[in-house]
S.K.: 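One structure is given below, represented as structure tokens, and several questions about it will come after.
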Amino acid sequence: MKKEVVAMLLAGGQGSRLYALTSNVAKPAVPFGGKYRIIDFPLSNCVNSGIDTVGVLTQYRPLELNSYLGNGQPWDLDRSDGGVHILPPYQREGEQGTWYKGTANAIYQNIGFLDMYDPEYVVVLSGDHIYKMDYSEMVAYHKKAGAACTISVLEVTMDEAKRFGILNVEDNDQVYEFEEKPPQPKSNLASMGIYVFTWSKLRKYLIDDEADPNSSNDFGKNIIPNMLNAGEKLMAYRFAGYWKDVGTIDSLWDANMDMLAGRSSGLDMYDESWPIYARTPIKPPHITGPDAAISHSLVTGGCQVDGTVANSVLFHSATVEQGADIQYSILMPGAKVKAGAKVYYSIVAENATVEAGACIGSAPSGEEGWGIAVVASGVTIGENAVVAPKAMIREDVKGGERA
């Protein structure tokens with residue numbers, strides 16, 4: 001059962017900054033890009049990188065995510081020797097069960113799983129990033145450097161650097177300092193939250209960290225600084241491709257809009273050498289009525305469009321009735337926009353309904369007070385109701401009300 005590399009995918013986050021979109025699902029299960037979910041990207045990266053053993057650490061509202069993953073077949077991870085494993089927190093004999101207390105504790109609680117495969121290297125990933133990356137190249141870089149830990153980094157602007165964990169490095173990219181969200185960053189090398197560890201090293205630091213009652217049990221706050229303080233060799237791995245943390249409403253909307261830009265955005269979904277796999281429902285082709293007008297948009301199977309759709313992303317089974325107008329918006333699976341309704345710069349979640357004549361969001365008219373409006377899953381916006389920009393609608397809105 002020994003594997004050279006095992007990936008551990010942290011997918012238990014609540015995603016509180018996605019507000020209404022994660023009321024009922026974990027962040028990695030949030031729909032993305034017309035036919036995917038966020039977790040499809042790291043899972044597909046694993047398979048395309050030759051990593052066939054992946055532990056998915058779930059916690060917050062795991063039902064839909066667990067159902068989506070199933071036996072891992074869409075990602076070619078239905079293996080008898082390896083494959084995908086769903087790893088929730090559990091109670092051990094003689095102990096009280098606990099939630100995962102932090103990223104490091106989540107891996108610590110699954111030392112037994114990793115020992116079963118006895119890997120040389122462990123790749124630790126986040127379940128809320130949109131990107132394509134060959135992890136095998138990062139592992140090869142780690143091996144060549146003889147590092148205990150390698151951290152993938154992205155160059156950001158100095159203003160943006162204040163929002164990230166920042167690595168300060170020598171000329172050979174060996175890390176000598178790690179700063180978490182520094183007010184005055186010394187470099188612009190931002191941690192992407194993607195790590196390669198030599199397992200024999202990481203195992204020891206996880207055990208020591210768990211024994212420290214003052215630890216936050218976090219990689220960025222504890223494990224990485226502890227390894228640096230102990231003189232371990234840490235390397236920065238520079239990544240230059242498309243990468244976006246979709247942990248906020250604005251970033252999720254931005255990344256969906258990037259899908260419309262095709263290859264020019266850096267997110268090339270038509271590269272046959274690096275496909276992104278997904279579990280997609282079997283639906284008939286989308287259908288358009290005689291008055292439909294669709295431009296610069298993604299419209300997936302099962303959609304029925306009789307209105308206007310421009311610069312938007314429609315997931316399967318979305319409905320746009322006659323006279324409805326969809327602009328710069330995302331309609332998630334099963335969303336319905338009735339006759340004459342307007343949806344501008346908004347996200348309408350799964351199975352939500354916008355009744356006739358309602359208006360959701362508006363076009364930008366200045367920075368102040370403007371933002372993406374969100375309608376939560378299953379919510380109904382009544383006839384002629386008006387939902388303001390930046391509103392987060394979690395409950396039904398009666399007709400004619402202003403949200």
Side-chain angles (χ1 to χ4, degrees), residues 18-21 30-36 246 249-262 265 269 283-365 370-393 396-397 399 402-403:
L18 288 178
Y19 303 102
L21 296 179
V30 170
F32 175 82
K35 62 172 289 184
Y36 308 99
V246 288
I249 294 296
D250 286 351
S251 62
L252 179 65
W253 182 85
D254 283 343
N256 273 274
M257 293 300 109
D258 286 343
M259 291 281 287
L260 301 179
S265 71
M269 302 302 292
K283 296 290 179 181
H286 79 267
I287 187 169
T288 60
D291 297 322
I294 301 174
S295 61
H296 198 231
S297 297
L298 294 177
V299 181
T300 44
C303 290
Q304 300 179 55
V305 180
D306 290 285
T308 299
V309 176
N311 302 300
S312 295
V313 176
L314 273 58
F315 286 77
H316 74 83
S317 308
T319 300
V320 179
E321 292 188 355
Q322 189 172 24
D325 187 15
I326 315 297
Q327 304 278 344
Y328 292 94
S329 293
I330 301 163
L331 303 187
M332 290 186 172
K336 294 180 175 61
V337 182
K338 299 292 188 68
K342 295 177 173 57
V343 179
Y344 300 145
Y345 291 84
S346 300
I347 300 175
V348 180
E350 297 179 71
N351 301 314
T353 299
V354 181
E355 294 287 359
C359 182
I360 315 295
S362 70
S365 58
W370 179 83
I372 304 302
V374 177
V375 178
S377 175
V379 166
T380 295
I381 305 298
E383 288 188 13
N384 302 314
V386 177
V387 173
K390 217 171 187 177
M392 300 285 165
I393 307 301
D396 291 353
V397 174
R402 181 176 292 273

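Numbers here simply count residues along the sequence, with the first being 1.
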S.K.: Closest approach of G34 and V313, non-hydrogen atoms and distance?
M.R.: N-CG1, 3.5 Å

S.K.: Measure the shortest side-chain to side-chain distance between K35 and L298 over non-hydrogen atoms and say whether it is less than 4.5 angstrom.
M.R.: no

S.K.: Can you list every salt bridge (Lys or Arg N to Asp or Glu O under 4.0 Å) pair that touches residues 345-354, not counting sequence neighbours?
M.R.: R37-E350

S.K.: Answer whether the closest heavy-atom distance between the side chains of L260 and M257 falls below 4.5 Å.
M.R.: yes

S.K.: Would you name the heavy atoms of C303 and T300 that are closest together and state the gap between them?
M.R.: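 What the structure gives for the nearest pair is SG-O, 3.3 Å.
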
S.K.: Tell me, do M392 and I249 make a side-chain contact under 4.5 Å, heavy atoms counted?
M.R.: yes

S.K.: With rounding to the nearest 0.5 angstrom, report the OG to CD1 distance, S329 to I360.
M.R.: 9.5 Å

S.K.: Of all the heavy-atom pairs spanning G361 and C359, show the shortest one and how long it is.
M.R.: O-SG, 3.8 Å

S.K.: Report yes or no: does N256 contribute a side-chain atom to a donor-acceptor pair with the main-chain N or O of G33 at less than 3.5 Å?
M.R.: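 Yes; at least one donor-acceptor contact below 3.5 Å.
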
S.K.: In a table with atom names and distances, give each donor-acceptor pair under 3.5 Å that connects a side chain of residues 315-328 to protein atoms at least two apart or in another chain.
M.R.:
residue	atom	partner	partner atom	Å
E321	OE1	A339	N	3.0
Q322	NE2	D291	OD2	2.4
D325	OD1	Q327	NE2	2.8
D325	OD2	Y344	OH	2.8
Y328	OH	N311	ND2	3.3

S.K.: Tell me, which pairs form a salt bridge (Lys or Arg N to Asp or Glu O under 4.0 Å) where one or both residues lie in residues 331-340, sequence neighbours left out?
M.R.: K338-E355

S.K.: Less than 4.5 Å apart, any side-chain heavy atom of Y345 and any of P364?
M.R.: yes

